[in-house]
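Worksheet for the structure shown next.
Throughout, protein chains are lettered first and strands after them, A, B, ... in sequence-line order, and every chain is numbered starting at 1. In what follows, every heavy atom counts, from backbone to side chain, and hydrogens, waters and symmetry copies are set aside.
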Amino acid sequence: MAYWLLKSEPDVYGIDHLARAPKRTSAWEGVRNYQVRNYLRDDFRKGDQGFFYHSSCPVPGIAGIVKVVRAGYPDASAWDRKNQYFDAGSTREEPRWYCVDVQLVRRFKRVITLDELRTHGTRELAGLPLLMRGSRLSITPVNEAQWRFILALEPSH
DNA sequence: GCCAACGTTGGC
DNA sequence: GCCAACGTTGGC
């Protein structure tokens, strides 16, 4: 089982939106970056878990945990002319973009902030893609040691 | 709103 | 295939 970090802007789609979704489940769609597309298409498995990260907001950080309930499948938003993520280059025969379905596992009792993660960036979280210079990908892998370490941060403070 | 970093586009 | 221009991301 793999671990991931999924970024979203809370104003657009935050963890509270997912909490209110039917079955607390939603498609993670609209990804239009090839590297992230490859993760979604090739590497995501049902049962994988992910951190739900809030970006572009007053306090960026990890707000909770999701699990993958459906592995990669073609992103239908690319076929919808009215959708802001429409892409005429993606067809049903040859889909260009992929998505997964995620279900909220739980919200953290507190947001584990980017600042706090950075304080561990040279030790336990060295190499975490989120903390790497220039890292902008909306989905990045998290290894098991990093996953466990971040989970253990939640009860402290 | 700024701007560093990085991806994409398109002319050549 | 190069690379300048442009667009996007996302922290600050």
Worksheet item: Is any NZ, NE, NH1 or NH2 atom of the basic residue among A:Arg32 and A:Asp87 found under 4.0 Å from an Asp or Glu carboxylate oxygen of the other?
Response: no
Item to complete: Specify the separation, in whole Å, of atom CG of A:Asn33 and atom C1' of C:dG10.
Response: 14 Å
Worksheet entry | Distance in angstrom units between A:His54 NE2 and C:dT9 P, rounded | 17 Å
Worksheet, complete the sentence: Against the side chain of A:Tyr34, the closest entry in C:dC12, B:dT8, C:dG10 is B:dT8
Worksheet item: Under 4.0 Å between a side-chain N/O of A:Lys7 and OP1 or OP2 of C:dG10, yes or no?
Response: yes
Fill in: Under-4.0 Å side-chain N/O to phosphate OP1/OP2 contact, A:Arg133 with C:dT9
no
Discussion item. Using a 4.0 Å heavy-atom cut-off to protein, can you give one letter per nucleotide of nucleotides 1-7 of chain C, 5' to 3': B if the base is in contact, S if only the sugar-phosphate is, - if neither?
Written reply: ------B
Discussion item. Show every ring pair (Phe, Tyr, Trp, His ring centres under 6.0 Å) that has at least one partner inside residues 68-123 of chain A, sequence neighbours left out.
Written reply: A:Tyr34-A:Trp97, A:His120-A:Phe149
Discussion item. In this structure, is the centre-to-centre distance between the rings of A:Phe44 and A:Trp4 below 6.0 Å?
Written reply: yes
Discussion item. Rounded to whole Å, how long is the line connecting atom CG of A:Leu6 with atom C1' of C:dT9?
Written reply: 16 Å
Worksheet item: Could you give the CG-to-P distance, from A:Leu137 to C:dT9, as a whole number of Å?
Response: 12 Å
Discussion item. Counting the atoms with a prime plus P, OP1 and OP2 as sugar-phosphate, which does A:Arg32 contact under 4.0 Å by heavy atoms, base, sugar-phosphate, or nothing?
Written reply: nothing
Practice prompt. Give a yes or no on whether a salt bridge exists between A:Arg106 and A:Glu154, defined as a side-chain N under 4.0 angstrom from a carboxylate O.
Written response: yes
Discussion item. Do A:His54 and A:Pro10 make a side-chain contact, defined as non-hydrogen atoms from C-beta onward lying under 4.5 Å apart?
Written reply: yes
Item to complete: Grab the CZ-P distance between A:Arg37 and B:dT8 for me, whole Å please.
Response: 10 Å
Practice prompt. Determine whether the side chains of A:Asp75 and A:Ser77 contain a donor N or O and an acceptor N or O closer than 3.5 Å.
Written response: yes
Fill in: Contact under 4.0 Å: A:Tyr53 side-chain N or O vs C:dG11 OP1/OP2
yes
Worksheet item: To the nearest Å, how far apart are A:Asp87 CG and C:dT8 C1'?
Response: 16 Å
Response to the item:
ring pair (Phe, Tyr, Trp, His ring centres under 6.0 Å) pairs touching residues 6-29 of chain A, sequence neighbours excluded, are A:Tyr13-A:His17, A:Trp28-A:Phe52
Practice prompt. To the nearest Å, give me how far apart CE (A:Met132) and C1' (C:dG10) are.
Written response: 17 Å
